There are 2 protein chains.
Amino acid sequence: MALKLPCYCASLRQATRAISQEYDRAMRPLNLTGTQFTLLRMLNELPSARVNDLAEALAMDQTTVSRTLALIKDAKLIERQAGEDRREARWVLTAAGRKKLREGSPLWESAQRRVESLIGADQAERLKDAAFRLTQKLAR
Amino acid sequence: MALKLPCYCASLRQATRAISQEYDRAMRPLNLTGTQFTLLRMLNELPSARVNDLAEALAMDQTTVSRTLALIKDAKLIERQAGEDRREARWVLTAAGRKKLREGSPLWESAQRRVESLIGADQAERLKDAAFRLTQKLAR
DNA sequence: GCATTTTACATGTATCTACATATATTGTCA
DNA sequence: TGACAATATATGTAGATACATGTAAAATGC
């Protein structure tokens, strides 16, 4: 059985490992990781987002976003558009990307429902909110 | 600014990235990551633990524990003891490992205090508890 | 007793992660 | 205008992570 830890960081890592496995398994039939699906969702919400936009929104390192985008680009789920600035890359979903998003949505929804069934929808919401408050305070 | 996400998994990952950076930075002077320090702490609590004991306690994959132990073993902070069973490895802190733990403890404590100062000690505790409840429900 | 299964740990491979740094482009200002 | 700073992204390297699989040793069952 997992141990209760005094460390805030270790406790969050513990829970994040467990929940990530859950979502990764849920997305497995699509050949996508949870992280990759999250990026597809973000690009649906924020069309033509740049690497830095996504990095800031998700509190991810710019280099991590860069590499993960490369993976879903290689899978032809997104494509790069030129920005006004020749430095920047604007990313958009391809038709295949939108299809994956449609196919993945019920899988993602059932993972969400599963979490709610395990700890209760209100608990789940409170946990999510508390995690986000911490993110806001810590993200530079 | 970081976005509030509907996904429980993405929200936890977001917060975990942020807090992990905080603890990793805190442990930097010791040339240790937060994860490595957590393993030292666990081996202090559970002397002669086996790989699988640690994996279960932390809800980590056995292979991840195996590799991380190899790192702190190479740094001579822990050493392998023979178990009764020739398959198993029992891990114990070395003198250098205990020293690192002593040196790291104030750094870890101040990271803990910093989290509390950011979101409040009660909020921090509730977040930790909620994370642990989720871990318990999800850990296979 | 020996074949089969189970247990304990390690290794191959791939993704996620971040820090340090590189590269290319744009902005600034003397 | 030309040097220097700032911005946007990518690459080198290394740790954290997990799944699939390998290896060795112990347990089980006939």
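Owing to the predicted nature of the structure, the values given are computational and were not obtained by experimental measurement. A, B, ... follow the sequence lines: proteins, then strands. Residue 1 opens every chain.
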Checking contacts here: which listed nucleotide ([options]) is nearest the side-chain heavy atoms of [X]?
| X | options | result |
| --- | --- | --- |
| B:R67 | D:dA16, C:dG12, C:dA18 | C:dG12 |
| A:Q62 | D:dA10, C:dA10, C:dT25 | D:dA10 |
| A:R87 | D:dA16, C:dC19, C:dT25 | C:dT25 |
| A:V51 | D:dT9, D:dA16, C:dT15 | D:dT9 |
| B:R28 | D:dA25, C:dA20, D:dT17 | C:dA20 |
| B:R17 | D:dT9, C:dA18, C:dC9 | C:dA18 |

### Message
Considering every strand and a 4.0 Å limit on heavy-atom distances, what is the contact class for B:S20: base, sugar-phosphate, or nothing?
### Response
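Nothing, no nucleic acid heavy atom in range.
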
Considering just the side-chain nitrogens and oxygens of [X], establish if one lies under 4.0 Å of OP1 or OP2 belonging to [N].
| X | N | answer |
| --- | --- | --- |
| B:R50 | C:dA8 | yes |
| A:T64 | C:dA18 | yes |
| A:S66 | D:dT9 | no |
| A:N52 | D:dT7 | no |

### Task
Let me know the distance between CG of B:D74 and C1' of D:dG15, rounded to the nearest Å.
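In whole Å, D:dG15 C1' lies 13 Å from B:D74 CG.
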
#### Entry: Interatomic distance where CG belongs to B:D24 and C1' belongs to D:dT17 [whole Å]
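That distance rounds to 14 Å.
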
### Message
Taking donor-acceptor contacts at under 3.5 Å, does the side chain of B:T63 reach the base of D:dC19?
### Response
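It does, because a donor-acceptor pair links the side chain of B:T63 to the base of D:dC19 below 3.5 Å.
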
### Message
Going by side chain to side chain contact (heavy atoms under 4.5 Å, CB included), A:L3 matches just one of B:D53, B:L58, B:L46, B:L54. Which one?
### Response
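Going through the options one by one, the only one that passes is B:L46.
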
#### Entry: Ion pair check, B:K73 and B:E79, cut-off under 4.0 Å
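Salt bridge: no.
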
### Message
Regarding A:D61 and B:R17, does a basic nitrogen lie under 4.0 Å from an acidic carboxylate oxygen?
### Response
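Salt bridge absent between A:D61 and B:R17.
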
### Task
Would you verify whether the NZ or CZ of B:R50 falls within 45 degrees of the ring axis of B:W91 while also being under 6.0 Å from that six-membered ring's centre?
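Output no; distance or angle outside limits.
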
